[in-house]
There are 2 protein chains.
Amino acid sequence: MESTIKDIKRETGLALSTISKYLNGGNVRPENKKKIDDAVRKLDYHPNEMARGLITKKTRTIGFLLYDISGTFAGILTHHVGTLLRQRGYGMIICDSSNDKSVEEQNVKFLADKKVDGLLVVPVSSDDTFLEPIKKANIPIVTIDRKITGTQLDCVTIDNEEAAKNAVEYLIERGHERIAAIYSEEYTGKQRRDGYRKAMRSAGITISGEYEYHERLHSVSLGYNGMQKFLKLPKKSQPTAIFMSNYEVALGVVMAINEAGISCPEDISLVGFDELTLTLVMKPKMTLMVQPMESIANEAVRILMSKLQNENSAALQRVLLYASLNEGDSVRDLRKR
Amino acid sequence: MESTIKDIKRETGLALSTISKYLNGGNVRPENKKKIDDAVRKLDYHPNEMARGLITKKTRTIGFLLYDISGTFAGILTHHVGTLLRQRGYGMIICDSSNDKSVEEQNVKFLADKKVDGLLVVPVSSDDTFLEPIKKANIPIVTIDRKITGTQLDCVTIDNEEAAKNAVEYLIERGHERIAAIYSEEYTGKQRRDGYRKAMRSAGITISGEYEYHERLHSVSLGYNGMQKFLKLPKKSQPTAIFMSNYEVALGVVMAINEAGISCPEDISLVGFDELTLTLVMKPKMTLMVQPMESIANEAVRILMSKLQNENSAALQRVLLYASLNEGDSVRDLRKR
DNA sequence: GAAATAAAGCGAAACGTTTCTGCTTTTAAT
DNA sequence: ATTAAAAGCAGAAACGTTTCGCTTTATTTC
């Protein structure tokens with residue numbers, strides 16, 4: 001049915017090895033080049049990746065293991081990563097762990113069985129034991145967005161702590177002191193919480209326990225619940241500003257304040273994370289720490305490709321990117337007046 | 001390095017064919033069963049999928065081709081589909097077409113070269129010519145969410161027209177006549193527009209051209225822009241209710257009305273589509289046509305699997321699911337008062 | 001124009017499975 | 001105990017490539 005390299009052989013009269021060599025970028029005589037090209041076109045020949053892979057031990061497939069694909073950050077990241085990989089001829093097998101460590105563990109085994117050439121991972125677990133099957137097979141791994149403990153892995157992250165610190169300092173500079181924070185207990189959530197605390201501490205502001213709200217995962221309801229809680233505090237001790245550690249959280253917060261009839265920035269100032277779909281059209285324009293999504297995808301794919309091409313490039317590559325503050329109108333300057 | 005079936009042979013003293021048979025579910029003597037099991041465990045043997053695939057001509061991989069993965073609907077669908085496929089031992093190669101027909105065309109070729117066993121597709125194009133490479137290879141295809149013209153394909157869709165019609169009828173029943181609609185020019189957008197028009201027509205309400213707003217793609221800004229436009233109409237002729245054809249559109253509309261200081265349902269009634277992250281926490285709870293996301297994924301995977309197992313099940317399977325109206329508090333009953 | 005060097009071509013072996021064919025052993029039935 | 005049927009087994013071929021070592025052809029240099 002499908003034509004094979006043997007059909008090309010029959011058509012051209014050349015040896016298998018010659019044809020194969022040319023097809024893989026080798027040199028052949030111009031006349032043979034033409035013969036092969038013509039035959040390929042005529043027979044609509046496509047090399048069988050499996051036969052090829054059997055020898056080269058390469059599937060030209062990358063595993064993309066991520067905590068959960070349904071969120072907006074994950075969706076956009078996946079979009080970029082997938083496109084970059086495809087441009088390089090690599091397929092991407094996605095495994096979504098539903099934010100569950102045991103699912104994640106199974107997924108690693110699954111991807112190891114699928115013999116992916118490399119693994120990109122935005123992990124659920126915070127230590128590296130679950131990666132054992134992939135490590136044992138000596139498959140390169142690059143983690144994205146979240147670091148994990150254990151033996152050091154190549155990774156691409158942003159400086160979350162610094163970003164959060166900058167965001168909160170931006171609030172402090174404008175006279176805010178009663179600043180609350182909403183974050184998750186995931187890696188990025190905790191990092192951003194630390195940045196928040198750091199900024200507060202170095203400004204000499206003590207953080208009231210009431211001003212921190214957290215749940216296990218980043219979600220719209222996390223933001224919504226957190227804001228609800230803050231609004232229940234006595235008027236006098238309500239925060240004047242909220243630091244929100246993620247896009248979905250910001251959605252929840254905005255819902256809560258709209259519902260309560262409170263307006264931003266008059267009554268409450270907001271600083272968030274990630275300029276994604278909704279934050280692009282929101283009014284007032286929100287002040288945000290913007291992550292360089294495309295660069296994150298780019299770097300991750302670049303590192304992985306370098307490992308794939310250069311087996312010897314064993315040097316650890318840990319790229320740290322920075323989020324930039326995108327000033328909007330969601331923060332009131334309390335000094336003026 | 002990796003252990004092969006030959007190592008199992010050496011370890012057990014059995015023939016390759018016997019081992020292979022057992023590993024593929026065949027019967028062997030109990031003693032041999034044990035021998036093989038032990039050897040597999042001891043050597044940590046995992047069959048080489050490529051060698052296997054070379055013979056069976058199966059990759060145990062499904063292509064998932066979709067218009068764009070960054071949206072919420074796509075993310076959630078992908079989550080479900082991926083999980084179902086993985087449970088059945090299938091990997092899923094995702095190709096995101098960036099809402100671009102020519103990218104989509106390339107992706108089909110890419111997936112054909114990857115020799116996927118089946119294809120699930122939420123297409124950009126509205127006709128089937130781009131699927132040629134997959135069809136030629138005789139690979140089963142199931143379209144999801146959007147139908148395409150050309151030779152009939154298996155598909156899973158919801159009755160968008162009916163759903164939209166029901167949503168708009170719900171508004172009409174509550175005394176609304178000045179009902180506006182915001183939709184995209186994509187398949188689902190147009191279907192839902194048709195449902196809107198149908199409901200209006202059969203209620204004998206003529207639709208003012210000013211009451212329809214559309215852009216090429218569903219997006220937050222589509223909703224935002226649409227609502228902005230309606231708000232610019234003279235007070236007297238402003239719509240009392242909006243039918244929004246998609247989740248992102250609803251976000252945009254809500255942003256626009258919040259910004260304009262208009263409240264729902266007092267000043268404006270809203271009916272939307274899809275109960276996703278944000279609509280889950282919004283107040284007032286939005287009245288929504290809810291698509292059975294999990295069933296959509298389930299049916300699509302079920303159909304595809306049936307085609308894979310039963311080559312002869314050539315019968316066309318076109319599943320039509322229904323969205324259900326989930327009543328919230330976003331619609332004002334104009335009859336009371 | 002011959003010798004030396006480089007480039008291109010060739011055939012066979014290999015990759016790790018499954019499957020086919022014919023043979024042997026076990027089980028069941030008489 | 002004998003026979004027939006069923007089940008299990010071994011060896012070999014096949015799947016469609018790449019790669020290795022060797023031979024042939026082309027190119028350069030004196």
Side-chain angles (χ1 to χ4, degrees), chain A residues 1-37 39-40 43-61 89 112-117 137-138 308-309 311, chain B residues 1-37 39-40 43-61 89 112-117 137-138 308-309 311:
Chain A
M1 203 74 216
E2 289 258 303
S3 60
T4 75
I5 200 170
K6 283 183 186 162
D7 298 319
I8 307 283
K9 171 191 163 121
R10 189 173 318 123
E11 191 76 18
T12 61
L14 297 168
L16 256 39
S17 49
T18 308
I19 301 167
S20 170
K21 189 212 265 179
Y22 172 60
L23 258 24
N24 287 291
N27 278 323
V28 298
R29 283 198 262 278
E31 45 189 303
N32 291 338
K33 193 173 294 200
K34 179 166 175 358
K35 271 191 201 165
I36 298 174
D37 283 339
V40 165
L43 301 175
D44 189 31
Y45 169 72
H46 294 244
N48 182 319
E49 296 259 7
M50 297 191 118
R52 170 180 283 174
L54 186 54
I55 295 196
T56 60
K57 304 207 177 311
K58 295 278 172 277
T59 53
R60 294 192 75 74
T61 298
D113 279 355
K114 286 282 171 206
K115 305 238 182 306
V116 293
D117 293 346
N138 221 31
L308 290 178
Q309 272 140 37
E311 306 278 349
Chain B
M1 204 73 217
E2 289 258 303
S3 60
T4 74
I5 200 169
K6 284 183 186 165
D7 297 319
I8 307 283
K9 170 193 163 116
R10 189 172 316 124
E11 191 75 17
T12 60
L14 297 169
L16 256 39
S17 51
T18 308
I19 302 168
S20 171
K21 189 212 258 180
Y22 172 58
L23 258 24
N24 288 293
N27 278 326
V28 298
R29 282 198 262 281
E31 44 189 304
N32 293 336
K33 195 173 293 203
K34 181 168 173 353
K35 271 192 201 166
I36 297 175
D37 282 340
V40 164
L43 300 174
D44 189 29
Y45 169 73
H46 293 245
N48 182 318
E49 296 259 8
M50 296 189 120
R52 171 179 283 175
L54 186 54
I55 294 196
T56 60
K57 305 207 177 309
K58 294 279 173 276
T59 54
R60 294 192 74 74
T61 299
D113 280 355
K114 286 284 171 206
K115 306 240 183 303
V116 293
D117 293 346
N138 222 32
L308 290 178
Q309 272 141 38
E311 307 277 350

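Because the structure is a prediction, the values reported are computed rather than measured. So that the names make sense, note that chain A is the first sequence line, chain B the second, and so on, each numbered from 1. Computed over heavy atoms, backbone and side chain alike; hydrogens, waters and symmetry mates excluded.
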Student: State the CZ-NZ distance between Arg52(B) and Lys57(B), to the nearest 0.5 angstrom.
Tutor: 15.5 Å
Student: Send over the distance from Arg10(B) CZ to dA10(D) P, rounded to a whole Å.
Tutor: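 For the pair Arg10(B) CZ and dA10(D) P, the rounded distance is 16 Å.
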Student: Rounded to the nearest 0.5 Å, how far apart are CG of Asp113(B) and CG of Asn48(A)?
Tutor: 10.5 Å
Student: Where the side chain of Thr4(A) is concerned, which of dG11(D), dG16(D), dT19(C) is the nearest nucleotide?
Tutor: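 Minimum distance to the Thr4(A) side chain belongs to dG16(D).
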Student: Quick one: CD1 on Ile36(A) to NZ on Lys21(A), what's the gap to the nearest 0.5 Å?
Tutor: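 If we round to the nearest 0.5 Å, Ile36(A):CD1 and Lys21(A):NZ are 10.0 Å apart.
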Student: I need the NZ-P distance between Lys6(B) and dT18(C), as an integer number of Å.
Tutor: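 Rounded to the whole Å, the gap is 13 Å.
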Student: Nearest whole angstrom, please: distance from the C1' of dC15(D) to the NE2 of His46(A).
Tutor: 19 Å
Student: Applying side-chain contact (heavy atoms from CB on, under 4.5 Å) between Val28(A) and each of Lys33(A), Lys35(A), Lys34(A), report the one that passes.
Tutor: Lys33(A)
Student: Report the distance from atom CD of Glu49(B) to atom CZ of Arg60(B), rounding to the nearest 0.5 Å.
Tutor: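 Interatomic distance, Glu49(B) CD to Arg60(B) CZ, rounded to 0.5 Å: 7.0 Å.
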Student: With a cut-off of less than 4.0 Å, is there a side-chain N or O of Asn27(B) near OP1 or OP2 of dA7(D)?
Tutor: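 Answer is no, no contact under 4.0 Å.
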Student: To the nearest Å, give me how far apart CZ (Arg60(A)) and P (dT17(D)) are.
Tutor: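 Value for this atom pair: 15 Å.
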Student: May I have the distance from Ile55(A) (atom CD1) to dC15(D) (atom P), rounded to whole angstrom?
Tutor: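 Rounded to the whole Å, the gap is 15 Å.
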Student: Rounded to the nearest 0.5 Å, how far does CG of Leu54(B) lie from OG1 of Thr59(B)?
Tutor: 12.5 Å
Student: How many Å lie between CD1 on Ile8(B) and C1' on dA10(D), as a whole number?
Tutor: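 After rounding, the reported distance stands at 17 Å.
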Student: Output the rounded distance in Å from CZ (Arg52(A)) to C1' (dT18(D)).
Tutor: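 Taking CZ of Arg52(A) and C1' of dT18(D), I get 9 Å after rounding.
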Student: Heavy atom of residues 13-26 of chain B under 4.0 Å from DNA chain D: which residues?
Tutor: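 Gly13(B), Leu14(B), Ala15(B), Ser17(B), Thr18(B) - these, ordered by number, are the residues of the stretch whose heavy atoms sit under 4.0 Å from the strand.
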Student: Counting C-beta onward and ignoring hydrogens, is there a side-chain heavy-atom pair between Ser20(A) and Tyr22(A) closer than 4.5 Å?
Tutor: no
Student: Compare side-chain N and O positions of Lys57(B) against OP1 and OP2 of dG16(D) and report whether any pair is under 4.0 Å apart.
Tutor: yes
Student: Of Val40(A), Thr18(A), Ile19(A), which meets side-chain contact (heavy atoms from CB on, under 4.5 Å) against Thr12(A)?
Tutor: Ile19(A)
Student: Listed by chain and number, what are the side chain to side chain contact (heavy atoms under 4.5 Å, CB included) partners of Asp7(A), not counting sequence neighbours?
Tutor: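 Scan of Asp7(A) (side chain to side chain contact (heavy atoms under 4.5 Å, CB included), adjacent residues dropped) gives Ser3(A), Thr4(A), Arg10(A), Leu43(A).
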Student: Could you list by number each residue of residues 28-35 of chain A showing a heavy-atom separation from DNA chain C of less than 4.0 Å, or answer none if no residue does?
Tutor: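 DNA chain C contact set from residues 28-35 of chain A: Val28(A), Arg29(A), Asn32(A).
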Student: Measure from CG on Asn48(B) to P on dC15(D) and round the result to the nearest Å.
Tutor: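 My rounded result for the distance is 18 Å.
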